[in-house]
2 protein chains.
Amino acid sequence: MPRKTTTRERLIGTAAELFWKQGYAQTGVNEIIQQAQATSGSFYHFFPTKEDLLLAVVDHVAEIFETEVFGPASEAAGNAVERLFAVLEHYRQRLLDSGFIFGSPMGSLAAEVSENHPLVHARLVEIQTTWTERVEELLTDARDQLPHDLDRGSLARFVVSTMEGAALQARVTHSLALFDASVAQLRDYFSLLESPERHVEPIPVQVRPRPRMQPQAADWRSW
Amino acid sequence: MPRKTTTRERLIGTAAELFWKQGYAQTGVNEIIQQAQATSGSFYHFFPTKEDLLLAVVDHVAEIFETEVFGPASEAAGNAVERLFAVLEHYRQRLLDSGFIFGSPMGSLAAEVSENHPLVHARLVEIQTTWTERVEELLTDARDQLPHDLDRGSLARFVVSTMEGAALQARVTHSLALFDASVAQLRDYFSLLESPERHVEPIPVQVRPRPRMQPQAADWRSW
DNA sequence: GTCTATACCCTGATAGAC
DNA sequence: GTCTATCAGGGTATAGAC
(Lines give C-alpha, C1' and ligand atoms only; values in the text may rest on other atoms or scores of the structure.)
Protein backbone atom coordinates (compact mmCIF):
# COMPACT_ATOMS: atom_id res chain seq x y z
CA MET A 1 0.00 0.00 0.00
CA PRO A 2 2.80 2.46 -0.72
CA ARG A 3 0.52 3.74 -3.48
CA LYS A 4 0.22 7.49 -3.50
CA THR A 5 -3.11 9.22 -2.96
CA THR A 6 -5.06 9.42 -6.15
CA THR A 7 -6.75 12.59 -7.32
CA ARG A 8 -10.10 10.95 -6.77
CA GLU A 9 -9.28 10.16 -3.16
CA ARG A 10 -8.05 13.66 -2.52
CA LEU A 11 -11.21 15.12 -3.97
CA ILE A 12 -13.42 12.95 -1.77
CA GLY A 13 -11.36 13.57 1.33
CA THR A 14 -11.25 17.33 1.08
CA ALA A 15 -14.89 17.49 0.00
CA ALA A 16 -15.84 15.51 3.09
CA GLU A 17 -14.02 17.93 5.34
CA LEU A 18 -15.48 20.99 3.65
CA PHE A 19 -18.99 19.57 3.72
CA TRP A 20 -18.72 18.92 7.46
CA LYS A 21 -17.30 22.32 8.14
CA GLN A 22 -19.45 24.50 5.90
CA GLY A 23 -22.24 22.33 4.64
CA TYR A 24 -22.85 21.01 1.17
CA ALA A 25 -24.50 23.99 -0.47
CA GLN A 26 -22.02 26.48 0.92
CA THR A 27 -19.10 24.57 -0.50
CA GLY A 28 -18.33 25.42 -4.09
CA VAL A 29 -16.88 22.94 -6.50
CA ASN A 30 -14.07 25.34 -7.24
CA GLU A 31 -13.15 25.48 -3.59
CA ILE A 32 -12.89 21.71 -3.43
CA ILE A 33 -10.84 21.57 -6.60
CA GLN A 34 -8.45 24.20 -5.38
CA GLN A 35 -7.94 22.70 -1.94
CA ALA A 36 -7.48 19.22 -3.33
CA GLN A 37 -4.98 20.57 -5.84
CA ALA A 38 -6.95 19.24 -8.75
CA THR A 39 -8.55 20.90 -11.73
CA SER A 40 -12.01 21.40 -13.04
CA GLY A 41 -11.44 18.95 -15.84
CA SER A 42 -10.39 16.08 -13.62
CA PHE A 43 -13.17 16.78 -11.20
CA TYR A 44 -15.86 16.36 -13.79
CA HIS A 45 -14.07 13.38 -15.15
CA PHE A 46 -14.66 11.53 -11.89
CA PHE A 47 -17.94 13.07 -10.85
CA PRO A 48 -20.41 14.02 -13.58
CA THR A 49 -22.22 16.23 -11.09
CA LYS A 50 -21.71 17.65 -7.64
CA GLU A 51 -24.33 15.30 -6.29
CA ASP A 52 -22.27 12.31 -7.41
CA LEU A 53 -19.45 13.61 -5.30
CA LEU A 54 -21.81 13.94 -2.39
CA LEU A 55 -22.77 10.29 -2.68
CA ALA A 56 -19.13 9.31 -2.72
CA VAL A 57 -18.53 11.44 0.36
CA VAL A 58 -21.40 9.79 2.21
CA ASP A 59 -19.95 6.37 1.47
CA HIS A 60 -16.59 7.64 2.58
CA VAL A 61 -18.00 8.71 5.91
CA ALA A 62 -19.72 5.37 6.37
CA GLU A 63 -16.37 3.75 5.76
CA ILE A 64 -14.69 5.92 8.37
CA PHE A 65 -17.27 4.90 10.92
CA GLU A 66 -16.67 1.30 10.02
CA THR A 67 -12.88 1.42 10.14
CA GLU A 68 -12.37 3.92 12.93
CA VAL A 69 -15.39 3.80 15.19
CA PHE A 70 -17.33 0.57 15.12
CA GLY A 71 -14.58 -1.68 13.81
CA PRO A 72 -11.88 -1.02 16.42
CA ALA A 73 -14.48 -0.99 19.18
CA SER A 74 -15.69 -4.46 18.35
CA GLU A 75 -12.17 -5.71 19.05
CA ALA A 76 -11.84 -3.77 22.26
CA ALA A 77 -11.17 -5.49 25.55
CA GLY A 78 -13.85 -6.17 28.10
CA ASN A 79 -17.40 -7.37 27.91
CA ALA A 80 -20.03 -6.32 25.40
CA VAL A 81 -21.12 -3.27 27.36
CA GLU A 82 -17.52 -2.12 27.47
CA ARG A 83 -17.28 -2.57 23.72
CA LEU A 84 -20.35 -0.40 23.31
CA PHE A 85 -18.73 2.38 25.28
CA ALA A 86 -15.58 1.87 23.26
CA VAL A 87 -17.64 2.92 20.24
CA LEU A 88 -18.45 6.16 21.98
CA GLU A 89 -14.84 6.62 22.98
CA HIS A 90 -13.72 6.26 19.38
CA TYR A 91 -16.37 8.69 18.24
CA ARG A 92 -15.10 11.10 20.84
CA GLN A 93 -11.58 10.72 19.55
CA ARG A 94 -12.64 11.50 15.98
CA LEU A 95 -14.46 14.55 17.27
CA LEU A 96 -11.35 15.74 19.03
CA ASP A 97 -8.91 14.97 16.22
CA SER A 98 -11.02 16.79 13.69
CA GLY A 99 -11.30 19.93 15.78
CA PHE A 100 -14.99 19.24 16.36
CA ILE A 101 -15.99 19.30 12.72
CA PHE A 102 -16.67 15.55 12.73
CA GLY A 103 -19.82 15.99 14.80
CA SER A 104 -22.80 14.06 13.62
CA PRO A 105 -21.56 14.23 10.02
CA MET A 106 -24.42 12.10 8.85
CA GLY A 107 -27.09 13.91 10.78
CA SER A 108 -26.13 17.37 9.69
CA LEU A 109 -25.73 16.36 6.08
CA ALA A 110 -29.07 14.65 6.23
CA ALA A 111 -30.71 17.70 7.67
CA GLU A 112 -29.37 19.91 4.91
CA VAL A 113 -29.77 17.59 2.02
CA SER A 114 -32.70 15.31 2.61
CA GLU A 115 -35.33 17.39 0.90
CA ASN A 116 -33.60 18.00 -2.41
CA HIS A 117 -31.59 14.83 -2.85
CA PRO A 118 -33.75 11.76 -2.32
CA LEU A 119 -31.00 9.36 -3.34
CA VAL A 120 -28.57 10.72 -0.79
CA HIS A 121 -31.26 10.82 1.82
CA ALA A 122 -32.10 7.17 1.30
CA ARG A 123 -28.47 6.22 1.65
CA LEU A 124 -28.15 8.20 4.88
CA VAL A 125 -31.19 6.54 6.41
CA GLU A 126 -29.76 3.20 5.43
CA ILE A 127 -26.46 3.93 7.13
CA GLN A 128 -28.16 5.13 10.27
CA THR A 129 -30.17 1.93 10.39
CA THR A 130 -26.97 -0.05 10.11
CA TRP A 131 -25.52 1.72 13.12
CA THR A 132 -28.59 1.01 15.18
CA GLU A 133 -28.35 -2.66 14.26
CA ARG A 134 -24.69 -2.70 15.19
CA VAL A 135 -25.53 -1.31 18.61
CA GLU A 136 -28.37 -3.77 19.01
CA GLU A 137 -25.99 -6.62 18.28
CA LEU A 138 -23.72 -5.43 21.05
CA LEU A 139 -26.68 -5.30 23.40
CA THR A 140 -27.59 -8.82 22.41
CA ASP A 141 -24.07 -9.94 23.20
CA ALA A 142 -24.51 -8.30 26.58
CA ARG A 143 -27.89 -9.83 27.25
CA ASP A 144 -26.68 -11.72 30.31
CA GLN A 145 -25.65 -8.49 32.01
CA LEU A 146 -28.94 -6.77 31.31
CA PRO A 147 -32.53 -7.27 32.46
CA HIS A 148 -34.06 -10.11 30.52
CA ASP A 149 -37.21 -8.11 29.78
CA LEU A 150 -35.23 -5.25 28.27
CA ASP A 151 -36.38 -3.89 24.91
CA ARG A 152 -33.02 -3.95 23.19
CA GLY A 153 -34.25 -2.30 20.01
CA SER A 154 -35.52 0.63 21.97
CA LEU A 155 -32.34 0.91 23.98
CA ALA A 156 -30.24 0.73 20.82
CA ARG A 157 -32.18 3.61 19.30
CA PHE A 158 -31.71 5.55 22.48
CA VAL A 159 -27.96 5.02 22.40
CA VAL A 160 -27.72 6.13 18.77
CA SER A 161 -29.88 9.19 19.35
CA THR A 162 -27.80 10.20 22.32
CA MET A 163 -24.58 9.59 20.44
CA GLU A 164 -25.67 11.75 17.53
CA GLY A 165 -27.19 14.46 19.68
CA ALA A 166 -24.13 14.68 21.87
CA ALA A 167 -21.81 14.80 18.87
CA LEU A 168 -23.86 17.51 17.24
CA GLN A 169 -23.76 19.61 20.36
CA ALA A 170 -20.07 19.04 20.87
CA ARG A 171 -19.63 20.43 17.40
CA VAL A 172 -21.84 23.42 17.99
CA THR A 173 -20.30 24.37 21.32
CA HIS A 174 -16.76 23.39 20.38
CA SER A 175 -16.57 21.57 23.67
CA LEU A 176 -16.76 18.01 24.86
CA ALA A 177 -18.59 18.93 28.06
CA LEU A 178 -21.99 17.92 26.75
CA PHE A 179 -20.66 14.84 25.06
CA ASP A 180 -18.90 13.64 28.17
CA ALA A 181 -21.87 14.40 30.37
CA SER A 182 -24.09 12.37 28.08
CA VAL A 183 -21.75 9.42 28.05
CA ALA A 184 -21.40 9.54 31.82
CA GLN A 185 -25.17 9.52 32.25
CA LEU A 186 -25.52 6.72 29.77
CA ARG A 187 -22.99 4.73 31.73
CA ASP A 188 -24.90 5.40 34.89
CA TYR A 189 -28.07 4.18 33.24
CA PHE A 190 -26.33 1.00 32.18
CA SER A 191 -24.91 0.45 35.63
CA LEU A 192 -28.42 0.73 37.05
CA LEU A 193 -29.70 -1.70 34.45
CA GLU A 194 -26.92 -4.08 35.35
CA SER A 195 -27.50 -3.85 39.09
CA PRO A 196 -28.53 -7.11 40.78
CA GLU A 197 -31.96 -6.09 41.98
CA ARG A 198 -32.86 -5.27 38.41
CA HIS A 199 -31.09 -8.10 36.72
CA VAL A 200 -33.40 -11.04 37.34
CA GLU A 201 -32.34 -14.32 35.81
CA PRO A 202 -34.87 -15.96 33.52
CA ILE A 203 -36.32 -17.87 36.44
CA PRO A 204 -40.09 -18.40 36.66
CA VAL A 205 -40.28 -16.57 39.95
CA GLN A 206 -39.71 -12.93 39.30
CA VAL A 207 -38.61 -10.51 41.95
CA ARG A 208 -40.77 -7.42 42.12
CA PRO A 209 -41.51 -7.07 38.38
CA ARG A 210 -41.35 -3.35 38.02
CA PRO A 211 -43.59 -2.26 35.17
CA ARG A 212 -41.43 -1.30 32.21
CA MET A 213 -42.05 1.61 29.92
CA GLN A 214 -44.16 0.08 27.18
CA PRO A 215 -47.44 0.07 29.08
CA GLN A 216 -47.37 3.65 30.18
CA ALA A 217 -46.00 4.72 26.82
CA ALA A 218 -49.39 4.11 25.30
CA ASP A 219 -50.02 7.74 24.53
CA TRP A 220 -46.65 8.07 22.86
CA ARG A 221 -47.90 6.42 19.72
CA SER A 222 -45.01 5.18 17.65
CA TRP A 223 -45.34 5.66 13.92
CA MET B 1 -54.54 41.11 18.46
CA PRO B 2 -56.81 41.08 15.43
CA ARG B 3 -53.90 42.78 13.69
CA LYS B 4 -53.08 41.25 10.34
CA THR B 5 -49.73 39.64 9.65
CA THR B 6 -47.16 42.16 8.59
CA THR B 7 -44.86 41.63 5.65
CA ARG B 8 -41.97 41.35 8.01
CA GLU B 9 -43.61 38.58 9.97
CA ARG B 10 -44.51 36.69 6.83
CA LEU B 11 -40.94 36.91 5.61
CA ILE B 12 -39.56 35.56 8.86
CA GLY B 13 -42.13 32.80 9.10
CA THR B 14 -41.68 31.45 5.61
CA ALA B 15 -37.93 31.85 5.80
CA ALA B 16 -37.91 29.79 8.97
CA GLU B 17 -39.82 26.99 7.33
CA LEU B 18 -37.67 27.01 4.23
CA PHE B 19 -34.47 27.06 6.25
CA TRP B 20 -35.60 24.04 8.26
CA LYS B 21 -36.67 22.19 5.19
CA GLN B 22 -33.82 22.95 2.80
CA GLY B 23 -31.14 24.61 4.81
CA TYR B 24 -29.98 28.19 4.77
CA ALA B 25 -27.65 28.16 1.79
CA GLN B 26 -30.01 26.19 -0.40
CA THR B 27 -32.79 28.68 0.14
CA GLY B 28 -32.68 31.61 -2.24
CA VAL B 29 -33.87 35.04 -1.23
CA ASN B 30 -36.13 35.07 -4.26
CA GLU B 31 -37.77 31.87 -3.13
CA ILE B 32 -38.54 33.37 0.26
CA ILE B 33 -39.89 36.56 -1.27
CA GLN B 34 -42.11 34.67 -3.67
CA GLN B 35 -43.53 32.32 -1.08
CA ALA B 36 -44.15 35.11 1.41
CA GLN B 37 -45.87 37.14 -1.27
CA ALA B 38 -43.50 40.03 -0.80
CA THR B 39 -41.11 41.77 -3.13
CA SER B 40 -37.42 42.26 -3.38
CA GLY B 41 -37.69 45.87 -2.40
CA SER B 42 -39.54 45.28 0.83
CA PHE B 43 -37.29 42.39 1.70
CA TYR B 44 -34.16 44.51 1.61
CA HIS B 45 -35.98 47.26 3.38
CA PHE B 46 -36.36 45.06 6.45
CA PHE B 47 -33.22 42.98 6.14
CA PRO B 48 -30.14 44.68 4.71
CA THR B 49 -28.63 41.29 4.07
CA LYS B 50 -29.67 37.66 4.04
CA GLU B 51 -27.72 37.09 7.22
CA ASP B 52 -29.84 39.64 9.04
CA LEU B 53 -32.87 37.61 8.12
CA LEU B 54 -31.15 34.52 9.48
CA LEU B 55 -30.65 36.21 12.82
CA ALA B 56 -34.31 37.17 12.93
CA VAL B 57 -35.25 33.58 12.12
CA VAL B 58 -33.07 32.25 14.92
CA ASP B 59 -34.76 34.54 17.40
CA HIS B 60 -38.10 33.48 16.00
CA VAL B 61 -37.28 29.83 16.64
CA ALA B 62 -36.16 30.60 20.17
CA GLU B 63 -39.50 32.29 20.71
CA ILE B 64 -41.38 29.26 19.42
CA PHE B 65 -39.53 27.07 21.87
CA GLU B 66 -40.39 29.46 24.62
CA THR B 67 -44.08 29.81 23.82
CA GLU B 68 -44.81 26.32 22.53
CA VAL B 69 -42.36 23.94 24.14
CA PHE B 70 -40.90 25.13 27.42
CA GLY B 71 -43.58 27.59 28.37
CA PRO B 72 -46.65 25.35 28.24
CA ALA B 73 -44.71 22.51 29.82
CA SER B 74 -43.84 24.57 32.86
CA GLU B 75 -47.55 24.93 33.53
CA ALA B 76 -48.27 21.26 32.96
CA ALA B 77 -49.83 19.13 35.66
CA GLY B 78 -47.83 16.81 37.85
CA ASN B 79 -44.51 17.01 39.59
CA ALA B 80 -41.31 18.47 38.19
CA VAL B 81 -40.26 15.27 36.45
CA GLU B 82 -43.61 15.16 34.72
CA ARG B 83 -43.14 18.74 33.62
CA LEU B 84 -39.79 17.78 32.14
CA PHE B 85 -41.41 15.07 30.09
CA ALA B 86 -44.10 17.50 29.09
CA VAL B 87 -41.36 19.50 27.39
CA LEU B 88 -40.48 16.45 25.34
CA GLU B 89 -44.14 15.84 24.58
CA HIS B 90 -44.54 19.36 23.26
CA TYR B 91 -41.41 19.01 21.19
CA ARG B 92 -42.86 15.83 19.80
CA GLN B 93 -46.05 17.60 18.90
CA ARG B 94 -44.22 20.34 17.01
CA LEU B 95 -42.29 17.66 15.16
CA LEU B 96 -45.52 15.99 14.16
CA ASP B 97 -47.41 19.16 13.24
CA SER B 98 -44.61 20.36 11.02
CA GLY B 99 -44.36 17.11 9.12
CA PHE B 100 -40.97 16.40 10.73
CA ILE B 101 -39.44 19.60 9.44
CA PHE B 102 -39.12 20.99 12.94
CA GLY B 103 -36.42 18.54 13.97
CA SER B 104 -33.52 20.02 15.86
CA PRO B 105 -33.98 23.35 14.06
CA MET B 106 -31.23 24.91 16.10
CA GLY B 107 -28.81 22.06 15.80
CA SER B 108 -29.06 21.70 12.06
CA LEU B 109 -28.83 25.42 11.47
CA ALA B 110 -25.84 25.54 13.75
CA ALA B 111 -24.14 22.76 11.91
CA GLU B 112 -24.58 24.44 8.59
CA VAL B 113 -23.90 27.96 9.60
CA SER B 114 -21.46 28.03 12.48
CA GLU B 115 -18.29 28.30 10.47
CA ASN B 116 -19.21 31.24 8.27
CA HIS B 117 -21.48 33.28 10.53
CA PRO B 118 -19.91 33.81 13.94
CA LEU B 119 -22.68 36.10 15.11
CA VAL B 120 -25.39 33.58 14.40
CA HIS B 121 -23.29 30.84 15.89
CA ALA B 122 -22.86 32.74 19.13
CA ARG B 123 -26.58 33.28 19.37
CA LEU B 124 -27.29 29.61 18.78
CA VAL B 125 -24.89 28.53 21.49
CA GLU B 126 -26.51 31.01 23.84
CA ILE B 127 -29.97 29.62 23.16
CA GLN B 128 -28.81 26.09 23.65
CA THR B 129 -27.31 27.06 26.98
CA THR B 130 -30.61 28.57 28.01
CA TRP B 131 -32.41 25.31 27.31
CA THR B 132 -29.94 23.37 29.35
CA GLU B 133 -30.46 25.76 32.24
CA ARG B 134 -34.22 25.43 31.89
CA VAL B 135 -33.93 21.68 32.16
CA GLU B 136 -31.59 21.99 35.10
CA GLU B 137 -34.12 24.17 36.89
CA LEU B 138 -36.73 21.48 36.44
CA LEU B 139 -34.32 18.93 37.87
CA THR B 140 -33.69 21.18 40.82
CA ASP B 141 -37.43 21.40 41.41
CA ALA B 142 -37.48 17.63 41.33
CA ARG B 143 -34.56 17.20 43.67
CA ASP B 144 -36.59 15.43 46.31
CA GLN B 145 -37.51 12.69 43.90
CA LEU B 146 -33.94 12.15 42.74
CA PRO B 147 -30.78 10.87 44.39
CA HIS B 148 -29.25 13.59 46.51
CA ASP B 149 -25.80 12.99 45.05
CA LEU B 150 -27.01 13.41 41.49
CA ASP B 151 -25.03 15.68 39.19
CA ARG B 152 -27.93 17.71 37.88
CA GLY B 153 -25.88 19.71 35.40
CA SER B 154 -24.67 16.54 33.80
CA LEU B 155 -28.14 15.05 33.68
CA ALA B 156 -29.56 18.23 32.17
CA ARG B 157 -26.98 18.11 29.39
CA PHE B 158 -27.82 14.51 28.81
CA VAL B 159 -31.52 15.29 28.48
CA VAL B 160 -30.87 18.09 26.01
CA SER B 161 -28.48 15.98 23.94
CA THR B 162 -30.99 13.19 23.78
CA MET B 163 -33.80 15.56 22.93
CA GLU B 164 -31.84 17.10 20.07
CA GLY B 165 -30.47 13.83 18.80
CA ALA B 166 -33.87 12.19 18.85
CA ALA B 167 -35.49 15.13 17.07
CA LEU B 168 -32.78 15.16 14.43
CA GLN B 169 -33.25 11.51 13.75
CA ALA B 170 -37.00 11.78 13.69
CA ARG B 171 -36.54 14.33 11.00
CA VAL B 172 -34.11 12.27 8.99
CA THR B 173 -36.16 9.08 9.13
CA HIS B 174 -39.52 10.79 8.93
CA SER B 175 -40.63 8.65 11.81
CA LEU B 176 -41.16 9.07 15.52
CA ALA B 177 -39.94 5.58 16.30
CA LEU B 178 -36.50 6.73 17.39
CA PHE B 179 -37.85 9.72 19.23
CA ASP B 180 -40.35 7.67 21.17
CA ALA B 181 -37.84 4.98 21.94
CA SER B 182 -35.48 7.60 23.32
CA VAL B 183 -38.13 9.19 25.48
CA ALA B 184 -39.22 5.81 26.78
CA GLN B 185 -35.65 4.92 27.74
CA LEU B 186 -35.17 8.29 29.35
CA ARG B 187 -38.29 7.70 31.37
CA ASP B 188 -37.00 4.33 32.43
CA TYR B 189 -33.75 5.91 33.51
CA PHE B 190 -35.63 8.44 35.60
CA SER B 191 -37.80 5.77 37.15
CA LEU B 192 -34.65 3.91 38.18
CA LEU B 193 -33.20 7.10 39.62
CA GLU B 194 -36.41 7.68 41.53
CA SER B 195 -36.56 4.13 42.87
CA PRO B 196 -36.35 3.86 46.66
CA GLU B 197 -33.13 1.86 46.93
CA ARG B 198 -31.43 4.60 44.98
CA HIS B 199 -33.14 7.54 46.50
CA VAL B 200 -31.35 7.86 49.82
CA GLU B 201 -32.49 10.75 52.00
CA PRO B 202 -29.76 13.12 53.12
CA ILE B 203 -29.21 11.10 56.26
CA PRO B 204 -25.67 10.58 57.57
CA VAL B 205 -25.99 6.82 57.30
CA GLN B 206 -25.95 5.93 53.68
CA VAL B 207 -27.25 2.65 52.32
CA ARG B 208 -24.79 0.90 50.06
CA PRO B 209 -23.26 3.96 48.42
CA ARG B 210 -22.93 2.74 44.86
CA PRO B 211 -20.03 4.54 43.19
CA ARG B 212 -21.38 7.14 40.79
CA MET B 213 -19.95 7.95 37.41
CA GLN B 214 -17.63 10.79 38.18
CA PRO B 215 -14.78 8.69 39.59
CA GLN B 216 -14.57 6.23 36.75
CA ALA B 217 -15.07 8.98 34.23
CA ALA B 218 -11.57 10.21 34.95
CA ASP B 219 -10.27 9.34 31.52
CA TRP B 220 -13.16 11.15 29.86
CA ARG B 221 -11.54 14.48 30.35
CA SER B 222 -14.07 17.22 30.03
CA TRP B 223 -12.95 20.35 28.20
C1' DG C 1 -43.06 51.17 2.92
C1' DT C 2 -43.58 48.99 -1.38
C1' DC C 3 -42.75 48.21 -6.16
C1' DT C 4 -39.97 47.13 -10.79
C1' DA C 5 -36.00 46.59 -13.08
C1' DT C 6 -31.42 45.55 -13.20
C1' DA C 7 -26.34 45.24 -11.97
C1' DC C 8 -22.88 42.19 -10.97
C1' DC C 9 -20.73 38.11 -9.36
C1' DC C 10 -19.97 33.45 -8.45
C1' DT C 11 -21.87 28.95 -9.29
C1' DG C 12 -21.89 24.37 -11.47
C1' DA C 13 -20.97 22.55 -15.68
C1' DT C 14 -18.93 21.95 -20.70
C1' DA C 15 -15.69 21.77 -24.75
C1' DG C 16 -11.80 20.50 -26.72
C1' DA C 17 -6.59 20.58 -26.77
C1' DC C 18 -2.88 17.87 -24.82
C1' DG D 1 -6.55 11.42 -17.27
C1' DT D 2 -5.50 16.16 -16.98
C1' DC D 3 -5.57 20.86 -18.34
C1' DT D 4 -7.43 25.87 -19.76
C1' DA D 5 -10.93 28.66 -21.22
C1' DT D 6 -15.45 29.68 -21.16
C1' DC D 7 -20.64 29.54 -20.78
C1' DA D 8 -25.30 30.02 -19.11
C1' DG D 9 -27.97 30.76 -15.00
C1' DG D 10 -29.16 31.88 -10.56
C1' DG D 11 -27.39 34.26 -6.52
C1' DT D 12 -27.49 38.53 -3.61
C1' DA D 13 -28.02 43.13 -3.53
C1' DT D 14 -29.14 48.02 -5.37
C1' DA D 15 -31.42 52.14 -7.62
C1' DG D 16 -34.95 54.92 -8.05
C1' DA D 17 -39.99 55.66 -9.07
C1' DC D 18 -44.32 55.55 -6.61
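Chain letters run A, B, ... following the sequence lines, proteins first, then strands; residues in each count from 1.
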Per-nucleotide protein contact string for nucleotides 12-18 of chain C (B base, S sugar-phosphate only, - none; heavy atom under 4.0 Å):
SBB----
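- Of the candidate nucleotides D:dC3, C:dT2, D:dG1, C:dT2 has the atom nearest to the side chain of B:Thr7.
- A:Arg92 is listed as a side-chain neighbour of A:Asp180, based on a closest heavy-atom distance under 4.5 Å.
- Direction of the helix axis in the helix from C:dG1-D:dC18 to C:dC18-D:dG1 shifts by 0° between the two five-pair termini, rounded to 10°.
- In this view, A:Tyr91 and A:Phe65 satisfy the ring pair (Phe, Tyr, Trp, His ring centres under 6.0 Å) rule, not counting sequence neighbours.
- Note that A:Arg187 lies in the cation-pi zone of A:Phe85, set by a 6.0 Å cut-off to the ring centre and a 45° limit from the axis.
- Counting heavy atoms from C-beta on, the side chains of B:Ile127 and B:Met106 come closer than 4.5 Å.
- Here the P atom of nucleotide D:dT14 and the CZ atom of B:Phe47 are 15 Å apart, to the nearest Å.
- Look at CG on A:Leu18: it is 13 Å from P on C:dT11, rounded to the nearest Å.
- Distance CZ (B:Phe46) to C1' (D:dA13): 17 Å, rounded to an integer number of Å.
- A salt bridge (Lys or Arg N to Asp or Glu O under 4.0 Å) check over residues 61-75 of chain B, counting only residues at least two apart or in different chains, returns the pairs B:Glu66-B:Arg134, B:Glu68-B:Arg94.
- Within a heavy-atom distance below 4.0 Å of DNA chain D, no residue of residues 109-117 of chain B is found.
- Rounding to whole angstrom units, CG of residue B:Asp52 and C1' of D:dT12 are separated by 13 Å.
- Going from atom CG of A:Leu11 over to atom P of D:dG1 covers 12 Å, rounded to whole Å.
- Going from atom CD1 of B:Ile32 over to atom P of D:dG10 covers 17 Å, rounded to whole Å.
- In terms of heavy atoms, A:Pro72 sits closest to A:His90 at CB-NE2, 3.6 Å.
- Rounded to whole Å, the distance from NE2 on B:His45 to P on D:dA13 is 17 Å.
- With contacts defined as side-chain heavy-atom distances shorter than 4.5 Å, the pair A:Arg123/A:Asp59 qualifies.
- Side-chain contact check for A:Arg8 versus A:Ile12: some heavy-atom pair is nearer than 4.5 Å.
- Taking 4.5 Å as the limit, some side-chain heavy atom of A:Phe190 sits within range of a side-chain heavy atom of A:Leu84.
- In this structure, the CD atom of B:Gln22 is 11 Å from the P atom of D:dG11, given to the nearest Å.
- A search for ring pair (Phe, Tyr, Trp, His ring centres under 6.0 Å) contacts involving A:Tyr24 returns A:Phe19, A:His117, not counting sequence neighbours.
- For B:Thr39, whose side chain is taken as the heavy atoms from C-beta onward, the closest listed nucleotide among D:dG1, C:dC3, D:dC3 is C:dC3.
- Relative orientation of the B:Phe158 and B:Tyr189 rings is perpendicular, given thresholds of 30° and 60° on the angle between their planes.
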